[in-house]
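In what follows, a single structure is set out as structure tokens and then discussed.
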Protein chains: 2
Amino acid sequence: MGQEPMNMMMLNSKLYRNTQGYLDKALKKYDLSSGSFRYLFIMEENEGLSQSRISELIGHDKAMSARTITRLTELGYVVRIEDQLDSRAYKLYLTDKARLILPEIREEIKKLTGLITADLTEEEKEITLSSLVKILNKARELNT
Amino acid sequence: MGQEPMNMMMLNSKLYRNTQGYLDKALKKYDLSSGSFRYLFIMEENEGLSQSRISELIGHDKAMSARTITRLTELGYVVRIEDQLDSRAYKLYLTDKARLILPEIREEIKKLTGLITADLTEEEKEITLSSLVKILNKARELNT
DNA sequence: AGCATATAGTTGATTAGTCAACTTTGTATT
DNA sequence: AATACAAAGTTGACTAATCAACTATATGCT
């Protein structure tokens, strides 16, 4: 097997696509995807978020969030309630159907994270995680 | 600014999209993108590769490679020569136009890599890089 | 009050990428 | 030599994501 010289960004893009594909398969039985499940996690911890706020938190643009949330409501995982104080906005809430499956999904994520980091020591995991946070902060600066 | 708890995969996906967007802008003046420039790098070091071989090396499926390479030939960066020994296959070669811009592109990549890793020590960079390689190898196993 | 500007959300166009079906050609087996 | 199977490349359908344009409502300023 040949190799191209690896730098941080090539690694990142390969890793992204590999894990995304796996997650999509694992979440298919809930009709969720690697992109959509995180909305549920965030709504679980924050009742009544608006779409624009959740877009910020997830790091998607508002168009993506609108489409994802529409899909999640169609699937019965999320309800949109009109905001009494701002008639442009929705407040987002999880349904019981969503709360029921969230623990299973969390397990799937934990399982995948465990699988791909199996060859790392605890120290390597910590350093990698904190380095990625630093890198991400720099990367975000680029796009502003 | 609120934060969701970060795990490896969420970081990775955010990082992927942030760096991709930046690179796309940086490479736009060559009509290249974050996905296509790597084909040029690989062809530079490997004369006469087939599309299926380059797909393996890059980690894209052959459909993606076919489309990308078609575009690169339209742009005049790559030529497809029919393989004398296997009439199904092409052999791929860089043009002079491509060789001319490759050093500049390499600089762009180096610049971006430098920017996003600016807050890391040398040790952190090394550990992060080698950990990501380990993670990627595990992730690849998942999809086979 | 009236106007300008900002914000919430939606929609359409475009891009990167994957998967599956297909055509053509090569390889292996009998 | 015939048949079967594998491999190279293309095409079409689909998903995730972004950007830009738009509508409707809020907010701030004079």
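Order of the sequence lines sets the chain letters (A, B, ...), proteins ahead of strands, with each chain counted from 1. In this text, all values refer to a predicted model and were calculated from it rather than measured experimentally.
- A 6.0 Å sphere centred on NZ of A:K110 holds no more than 12 heavy atoms belonging to other residues, nucleotides or ligands.
- The residue among A:K25 and A:S52 whose nearest nucleotide of DNA chain C lies closer to the 5′ end is A:S52.
- Between the P atom of C:dT24 and the NZ atom of B:K62 lies a distance of 15 Å, rounded to the nearest Å.
- Residue A:Q20 contributes atom CD, which lies 15 Å from atom P of C:dA16 at whole-angstrom precision.
- Salt-bridge check for B:K29 with B:E104: failed, with every basic side-chain N at 4.0 Å or more from each acidic carboxylate O.
- Heavy atoms of B:D86 sit under 4.0 angstrom from primed sugar atoms or phosphate atoms, though from no base atom.
- In this structure, A:T70 reaches neither bases nor backbone, as no heavy-atom distance under 4.0 Å exists between it and the strands shown.
- Rounding to whole angstrom units, CD1 of residue B:I69 and C1' of D:dA8 are separated by 11 Å.
- The A:Y90 side chain lies nearest to C:dG9 when the options are D:dT18, C:dG9, C:dG17.
- Between the CZ atom of A:R71 and the C1' atom of D:dA17 there is a distance of 17 Å, given to the nearest Å.
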For A:S65 and A:Y39: C-alpha separation, side-chain torsions, deciding distance, then whether side chain to side chain donor-acceptor pair (under 3.5 Å) applies. CA-CA 9 Å; A:S65 292; A:Y39 287 81; 3.0 Å; yes
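- In this structure, A:I54 places its CD1 atom 14 Å from C1' of C:dG9, rounding to the nearest Å.
- Between B:Q84 and B:S36, the residue whose closest nucleotide on DNA chain C is further toward the 5' end is B:S36.
- Taking atom CG on A:D61 and atom C1' on D:dA21, their separation rounds to 13 Å, with Å as the unit.
- Close to C:dG17, at under 4.0 Å from its OP1 or OP2, lies a side-chain N or O of B:Y16.
- A sub-4.0 Å separation between OP1 or OP2 of C:dA8 and a side-chain N or O of A:S87 is absent.
- Each of C:dG17, D:dA17, C:dG9 was ranked by its minimum atom distance to the side chain of A:Q51; first place goes to C:dG9.
- One interatomic measurement links the two molecules: CG of A:L15 to P of C:dG17, which rounds to 15 Å at whole-angstrom precision.
- With rounding to whole Å, A:K28 atom NZ is found 11 Å from D:dC14 atom C1'.
- Applying the 3.5 Å distance criterion, the base of C:dT18 shares a donor-acceptor pair with the side chain of B:R67.
- With respect to the salt-bridge test (charged N to carboxylate O, under 4.0 angstrom), the residues B:R99 and B:E47 qualify.
- Ranking C:dA16, C:dT18, D:dC19 by closeness to the A:R17 side chain, first place goes to C:dT18.
- Side-chain to base pairing of B:R80 with D:dG9: no donor and acceptor N or O lie closer than 3.5 Å to each other.
- Partner of A:Q51 under the side chain to side chain donor-acceptor pair (under 3.5 Å) criterion, chosen from A:R80, A:E56, A:K62, A:K91: A:R80.
- Across all strands, B:T68 comes closer than 4.0 Å to no nucleic acid atom at all (heavy-atom distances).
- The side chain of A:A63 lies closest to D:dA20 when the candidates are C:dG9, D:dA16, D:dA20.
- With hydrogens and angles ignored, no donor-acceptor pair closer than 3.5 Å exists between the side chain of A:R88 and the base of C:dT10.
- Using a 4.0 Å cut-off between charged side-chain N and carboxylate O, A:K25 and A:E108 make no salt bridge.
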